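Predicted model, so just to flag it, every value in this text is computed and none were measured.
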Amino acid sequence: TSAVMGAVGGGTSLHLERILSTAGMSAGTIIQITPILGASVLLGRFLSGGALDHVGPSLVAAATALISVAGTFLLTLPANAMVGAIAIACMGAAGGAIYSALSILTVHHFGLRHSGVIFGIFMSI
């Protein structure tokens, strides 16, 4: 899951400008909505931290994957500033949340002794 989400999220954010311009969005609009990505990553980190305390890492990881899928799907729709902004927000929030959930899941499944090495490998991939 982490490899797939990392590849999709990383590839999408790296090529976000091209994806939106190919869909027909103007450069000015792209410049206006792109900062949403950074803000939503921070929001995803904070909200996922609270959610991890209350609902558990498995549900947070599942919700994060669904939010990422929703954002990716929205990027396939015709260009619209609102749809683009929501897609960017979804992708950013999912990107911010997944690392928190994965770190907790790594400790839960592999133990505290080996979690640092395993999590490091996950993030390197």
Side-chain angles (χ1 to χ4, degrees):
T1 304
S2 64
V4 172
M5 287 189 66
V8 171
T12 302
S13 63
L14 182 63
H15 300 288
L16 189 58
E17 179 185 356
R18 176 62 74 187
I19 292 168
L20 294 173
S21 65
T22 301
M25 194 172 292
S26 71
T29 303
I30 294 169
I31 290 169
Q32 289 177 341
I33 66 172
T34 301
I36 293 170
L37 184 66
S40 62
V41 167
L42 290 174
L43 186 63
R45 296 242 178 186
F46 288 121
L47 293 178
S48 67
L52 285 166
D53 291 340
H54 292 86
V55 299
S58 296
L59 289 175
V60 172
T64 299
L66 291 175
I67 291 168
S68 180
V69 167
T72 305
F73 172 74
L74 289 172
L75 286 175
T76 67
L77 299 177
N80 174 322
M82 182 61 74
V83 172
I86 294 169
I88 290 171
C90 287
M91 299 295 290
I98 194 61
Y99 296 111
S100 302
L102 285 176
S103 65
I104 299 295
L105 284 169
T106 304
V107 171
H108 177 74
H109 289 292
F110 300 106
L112 191 57
R113 179 179 173 112
H114 303 291
S115 64
V117 171
I118 294 170
F119 187 71
I121 292 170
F122 283 157
M123 295 303 104
S124 297
I125 293 172

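- When atom types are taken as modelled, the side chain of S68 and the backbone of T64 share no donor-acceptor pair closer than 3.5 angstrom.
- V69 belongs to no multi-residue hydrophobic cluster, having no ILVMFWY side-chain contact under 4.5 Å with any other such residue.
- Residues meeting the side chain to side chain contact (heavy atoms under 4.5 Å, CB included) test with A89, sequence neighbours left out: I36, S40.
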Can you give each donor-acceptor pair under 3.5 Å made by side-chain atoms of residues 105-117, sequence neighbours left out, with the distance rounded to 0.1 Å?
residue	atom	partner	partner atom	Å
T106	OG1	L102	O	2.6
S115	OG	L112	O	3.2

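- In terms of heavy atoms, T29 sits closest to S26 at OG1-OG, 2.9 Å.
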Quick one: side chains of residues 17-25, donor-acceptor pairs under 3.5 Å with protein atoms, not counting sequence neighbours, listed by atom name and distance.
residue	atom	partner	partner atom	Å
S21	OG	E17	O	3.1
S21	OG	R18	O	3.2
T22	OG1	R18	O	2.7

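- Contact of the L16 side chain with the I30 side chain is not registered, since no non-hydrogen atoms from C-beta on lie closer than 4.5 Å.
- Of all non-hydrogen atoms in G71 and A87, the two that sit nearest each other are O-CB, 3.5 Å.
- The other residues sharing a hydrophobic cluster with F73 are L74, L77, M82, V83, I86, where clustering joins ILVMFWY side chains under 4.5 Å apart.
- Under a hydrophobic-cluster definition in which Ile, Leu, Val, Met, Phe, Trp and Tyr are linked whenever side-chain heavy atoms come within less than 4.5 Å, directly or via other members, I98 and I118 are assigned to the same cluster.
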Quick one: side chains of residues 52-61, donor-acceptor pairs under 3.5 Å with protein atoms, not counting sequence neighbours, listed by atom name and distance.
residue	atom	partner	partner atom	Å
H54	ND1	G50	O	2.8

